[in-house]
Colleague: 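Following this message is one structure expressed as structure tokens.
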Amino acid sequence: MKKIVRYLPFFLYVAVVFFLILGSYFAPRKEFSEMENRKLQTWPALSFRDLISGSYTTGVEDYISDHFLGRQDWIMAKSISEQVVGKDENNGITIGADSYMFEKNTALDVATMERNLGYIIEFADDIPQENVWFTLVPPSSVVLSDKLPQGFPNGDEQAVLNSLYQTAQEGGLQVYNPTTQLLEQKEEYVYYRTDHHWTSTGAYLAYSGFVEELGLTPVSLEEYQANVVEDFYGTYYSKAQWFGTVPDELTWYDIPVEKIVIEGEEYPTMYDLEQFETRDKYAGFLYSNHGLTTIYSSTSHPNEDGTPSRILVFKDSYGNSFAPFLTNHFDEVVVVDLRYYRDVAGLLEQDYNAIYFLYSFANFSTDSNVAKLLLPAQAQSQA
Amino acid sequence: MVFSSLIFLFYFMPIVYLLHTLAPRKLKNVILLLSSLIFYSWGELEYLPLILISAFINYFLGLSIERWKNINKGKTLLIFSICLNVGVLFFFKYIGFFISNLNYLPFLNLPKFSMPLPLGISFYTFQILAYLVDIYKSRTKAERNILNYAVCLTMFPHMVAGPIVRYEEISGELSNRTLSLEKLQSGLFTFIMGLGSKVLLGNNIYNLWEEVSSAGWQSSSTPLAWMALLAYGFYIYFDFSGYSLMAIGLAKMLGFDFPQNFNYPYISKSITEFWRRWHMTLGLWFRDYIYIPLGGNRKGMPRQIFNLFVVWALTGFWHGASWNFVLWGLFFFVFIVIEKLFLLRHLEKSKVWSHFYAMFLVSIGWALFSISDFSVLKDFLSNLFLWRNGTDWIYYLRNYAIMFGLCFVLSTPILENIKGKLGKVKIPVCTIFAGAVFLLSVAYLVDSTSSPFLYFNF
């Protein structure tokens, strides 16, 4: 008896370890992690080549960690532990004032941003189209800088932004910089707290500023029904899993359309309502990211010569909550995500009233797809 | 495979220890060898043949040297064996360095060539050399059982990163070791302390170093550069000492008594003392197999200084095939000589200043150690010693203040002292503490595999 007491710690350890092993083994298998927005590892097939290359053993280890009993709870425990040791950041996400999260980026790749801008400028030069516009959306850390913790180490993002706008103008692009509008209304919930996107309010502000530059009158939000989706835990949250996070509210406006065609398939509305029920709610806008999405407006805006008015928007995911508003001014809103599309030459066979490049700051520094703009027509058609 | 991983903690460890503990004596080494080979080659199958061949050849070399140690043949064979083993180490670890340095000669333009580094080769080569020399000097008998020798060389606790355990230290346990609940429990406790050191302290403070250093040293403020340097010093201590503790604990659970490798080096009051507390098995190896054979301190001061020079250049060089490591070793050589000549007496008189002196030098040493590219090193040293203003350190100080506090405190023997005073409540307190460390380490390990796919960021 004394022996059991004396060595109880060891037996406890054995019990805990076996509990976790057996629990992990017998727990039902999940295939997809909503929190991490990815498929979970399946047991790798054994092959000699995979053994040599190391991919088999990596697969086994990934499988074990992906299906570890209570995985999300362990991750949350670590997040709590980090808070206890006084951190205001976790896994690259910093928590600022009013529960706002910010993405840390101490090594911003300015060279890539300049290169991408160069591709856009060159593209605009090459084509006969006159009305080529460029917007680089400022990161939340610039607009909401008063919510940043002191000494936030992202460097001078505002300076980088300004310099890029200057280069764009000098390169012959028309620019629209939404920073001023966003700054004016920054207390009105223009960026999500837990996600790297702007809210529909932020998108609307940029939209109104942009169409005013085009000489058009922005529609008023009151014309539409606002639908609020609660409990939105965005991408920043899935990285940081910060205990005590106040979730976001996502608002979408019921803008009617005639139809929306995504890569050949037709859909009745611009919003994937089922997606709003899952964790990654932002993906409900325009059914997440696809190569080519054409929105046919329910209102009519023909050109003087009777042809349909059309705008071409090259964008990243920020454009998804922005593009819907453009249907108030154009018969067709053609939305292209270069990550999934290359036939730019084919696109240019149609006429456009304007071509718009709408990118977000962080994404622009990592995007390697803007170069596709300059692919010769032959390569593009091999998509 | 690494100790601090879910697969090791929850699959390798339970299975291997269950089998090893329950197996009859004759099968224990078979289990240990097979599991060690799996551990070693997990994910890196290509290095397995080399160490197997090494074990095989050196087993026979050991026996032969023993047979002929009293005649000329023995000495020749010893020299051949040393050259062979050092040659293998040189080829895999240093050939690239050698060639790129030769290319500085104006008439040479050799093609760049380097080999991937087999896991643990720096450690097992030194173990082999010690073995062969000890046989020749009759300090130990050769191992007659090839299985036992293979286990000695490849056993997973010390295989990858030490401690450098000599054959004679474990020869008895190789053929006949006893297991007990006492050993299992105390070994487990040591292992968990090592796990926590690495995962909770070392990995954590490493993030500060990693973030600041990856931005280059041209925009960070001077206070931040010093914080990063301190972070590096704590990272390498808790990582390395943690790993050694895990090795010692795992070995104990197998019935082996491994030597201590770290003895609170950061409480040292001189560089001399530091190197008696840091990576102890390496220091002892260099003392026994380089310093003393060269004459040690028995041939007058000038010769002693030369001997120290060789030892420290080699110690630095052992750590990496790059000049900054040699510089690091020689940096310590300078201060060890100064201390030996006159400074040590003065250092022993003070408590605070000598500690500050030692830690300051050790930190500068880490600057030399951490960066192999000399132009980056220059940037780092300027960042440290030429004042640059900034507010960035505020952010990192706020985030890492408690971590630094924990690192400072836990690099002293305070936990051991507390444990000694616990008396009756020792077992429950230690159990709760170790349990918390273990569970928290698991949490951090699971989190480190979390990789949210930010669809929109691609």
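Below, read A as the first sequence line, B as the second, and so on, with proteins coming before strands; counting in each chain starts at 1. Hydrogens, waters and symmetry mates play no part in the numbers below; they use all other heavy atoms, side chains included.
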Colleague: So which part of Q72(A) gets closer than 4.5 Å to some heavy atom of chain B, the side chain, the backbone, both or neither?
Modeller: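 For Q72(A), no heavy atom lies under 4.5 Å from chain B.
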Colleague: Is there a donor in the side chain of K87(A) and an acceptor in the side chain of N204(B), or the other way round, less than 3.5 Å apart?
Modeller: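 Yes, side-chain donor-acceptor contact under 3.5 Å.
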Colleague: Does Y63(A) form a side-chain contact (heavy atoms from CB on, under 4.5 Å) with I7(B)? I'd like the steps, not just the answer.
Modeller: CA-CA 10 Å; Y63(A) 180 85; I7(B) 191 165; over 6 Å; no
Colleague: CD of E89(A) to CD of E211(B): how many Å apart, nearest 0.5 Å?
Modeller: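 Taking CD in E89(A) and CD in E211(B), the distance rounds to 5.5 Å.
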Colleague: Is there side-chain contact between R71(A) and T449(B), with heavy atoms separated by less than 4.5 Å?
Modeller: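 Yes, at least one pair of side-chain atoms sits under 4.5 Å.
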Colleague: Can you confirm whether more than 12 heavy atoms, excluding those of L22(A), are under 6.0 Å from its CG atom?
Modeller: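 For L22(A), atom CG is crowded (more than 12 foreign heavy atoms under 6.0 Å).
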Colleague: Among L397(B), V442(B), N207(B), which residue has the highest count of heavy-atom pairs closer than 4.5 Å to chain A?
Modeller: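 Highest number of heavy-atom pairs under 4.5 Å: V442(B).
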Colleague: By a 4.5 Å heavy-atom criterion (distance strictly below it), what part of I52(A) contacts chain B: side chain, backbone, both, or neither?
Modeller: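 When you check distances to chain B, atoms from both the backbone and side chain of I52(A) fall under 4.5 Å.
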Colleague: Sort out for me which of L188(B), V212(B), D392(B) touches chain A most, counting heavy-atom pairs under 4.5 Å.
Modeller: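 Most heavy-atom pairs under 4.5 Å with chain A: L188(B).
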Colleague: What part of S219(B) is in contact with chain A, defined as an atom under 4.5 angstrom from a non-hydrogen atom: side chain, backbone, both or neither?
Modeller: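 Neither part.
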Colleague: Please look at L181(B) and chain A and tell me whether the side chain, the backbone, both or neither of the residue comes under 4.5 angstrom of a heavy atom of that chain.
Modeller: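 For L181(B), heavy atoms of backbone and side chain both lie under 4.5 Å from chain A.
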Colleague: On a heavy-atom basis, which atom in Y13(A) and which in L9(B) lie closest, and how many Å separate them?
Modeller: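 Here Y13(A) and L9(B) meet closest at OH-O, 4.4 Å.
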Colleague: Which bit of Y318(A) is near chain B, if near means a heavy-atom gap under 4.5 Å: side chain, backbone, both or neither?
Modeller: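 The answer is neither part of Y318(A).
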Colleague: With no hydrogens and no angle check, is any side-chain donor or acceptor of N399(B) less than 3.5 Å from a backbone partner on D88(A)?
Modeller: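 Present.
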Colleague: Is it the side chain or the backbone of N91(A) that comes within 4.5 Å of chain B heavy atoms, both, or neither?
Modeller: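 For N91(A), side-chain heavy atoms alone lie under 4.5 Å from chain B.
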Colleague: Verify side-chain contact (heavy atoms from CB on, under 4.5 Å) between Y395(B) and T94(A), making sure each step is shown before the conclusion.
Modeller: CA-CA 10 Å; Y395(B) 179 85; T94(A) 298; 2.5 Å; yes
Colleague: Hey, is OH on Y25(A) packed in by over 12 heavy atoms from elsewhere, all under 6.0 Å?
Modeller: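 Not more than 12 within 6.0 Å, no.
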Colleague: How about F68(A) and F10(B): are their ring centres within less than 6.0 Å of each other?
Modeller: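 Distance test on ring centres: under 6.0 Å, yes.
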Colleague: Most heavy-atom pairs under 4.5 angstrom with chain A, which of F438(B), W393(B), F189(B), Y11(B)?
Modeller: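 Most heavy-atom pairs under 4.5 Å with chain A: Y11(B).
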Colleague: Taking all non-hydrogen atoms of both residues, which atom of T106(A) and which atom of A215(B) are closest, and how far apart?
Modeller: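 Closest approach of T106(A) to A215(B): O-CB, 4.0 Å.
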Colleague: Among residues at least two apart in sequence or on other chains, which ones pass side chain to side chain contact (heavy atoms under 4.5 Å, CB included) with T112(A)?
Modeller: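 So T112(A) forms a side chain to side chain contact (heavy atoms under 4.5 Å, CB included) with D109(A), R115(A), N116(A).
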Colleague: Rounded to the nearest 0.5 Å, what's the gap from CZ on F8(B) to CD on E61(A)? Could you check?
Modeller: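 Taking CZ in F8(B) and CD in E61(A), the distance rounds to 11.5 Å.
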Colleague: Considering only heavy atoms, which portion of L440(B) lies under 4.5 Å from any heavy atom of chain A: side chain, backbone, both, or neither?
Modeller: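 Looking at L440(B), just its side chain touches chain A.
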Colleague: Of the listed residues (G54(A), S65(A), S360(A)), which shares the most heavy-atom pairs with chain B below a 4.5 Å separation?
Modeller: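 Top option by heavy-atom pairs under 4.5 Å: S65(A).
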Colleague: Grab the two heavy atoms, one from P9(A) and one from T431(B), that are nearest each other, plus how far apart they are.
Modeller: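 Smallest interatomic distance, heavy atoms only, reads CG-OG1, 3.1 Å.
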Colleague: Check whether F11(A) gets within reach of chain B through its side chain, its backbone, both or neither, counting any heavy atom under 4.5 Å.
Modeller: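 Side chain only.
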Colleague: Please check: side-chain N/O of Q185(B) versus main-chain N/O of R6(A), any donor-acceptor pairing under 3.5 Å?
Modeller: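 Yes: the side chain of Q185(B) pairs with the backbone of R6(A).
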Colleague: Let me know which of L445(B), L439(B), D447(B), L6(B) forms a side-chain contact (heavy atoms from CB on, under 4.5 Å) with W74(A).
Modeller: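 Testing each of L445(B), L439(B), D447(B), L6(B) against W74(A), the sole residue satisfying side-chain contact (heavy atoms from CB on, under 4.5 Å) is L439(B).
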Colleague: Quick one: closest heavy-atom pair of K78(A) and A443(B), and the distance?
Modeller: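 That would be CB-O, 4.0 Å.
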Colleague: Working to the nearest 0.5 Å, report the span between OG of S450(B) and CD of Q241(A).
Modeller: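 So the OG of S450(B) and the CD of Q241(A) are separated by 6.0 Å.
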Colleague: Would a 4.5 Å heavy-atom cut-off, applied to side chains only, mark L184(B) and Y7(A) as touching?
Modeller: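 The answer is no, as the side chains (C-beta and beyond) never meet within the 4.5 Å cut-off.
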Colleague: With chain B, which of S53(A), P153(A), S79(A), S33(A) has the greatest number of heavy-atom pairs at distances under 4.5 Å?
Modeller: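 Top count of heavy-atom pairs under 4.5 Å with chain B: P153(A).
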Colleague: Go through I427(B), T391(B), I394(B) and name the one with the most non-hydrogen pairs under 4.5 angstrom from chain A.
Modeller: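 Of the candidates given, the most pairs with chain A belong to I394(B).
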Colleague: Side chain from CB out, backbone as N, CA, C, O: work out which of these in L108(A) comes under 4.5 Å of a heavy atom of chain B, or both, or neither.
Modeller: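 For L108(A), no heavy atom lies under 4.5 Å from chain B.
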Colleague: Grab the two heavy atoms, one from R398(B) and one from P149(A), that are nearest each other, plus how far apart they are.
Modeller: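 Between these two residues, the closest heavy atoms are NH2-CB, 3.0 Å.
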Colleague: Looking at chain B, which one of S81(A), A77(A), S55(A) has the largest number of heavy-atom pairs inside 4.5 Å, strictly under?
Modeller: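 Top count of heavy-atom pairs under 4.5 Å with chain B: S81(A).
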Colleague: Examine whether an atom of V84(A) lies under 4.5 Å from a heavy atom of chain B, and if so say whether it belongs to the side chain, the backbone or both; otherwise answer neither.
Modeller: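 The answer is the backbone of V84(A).
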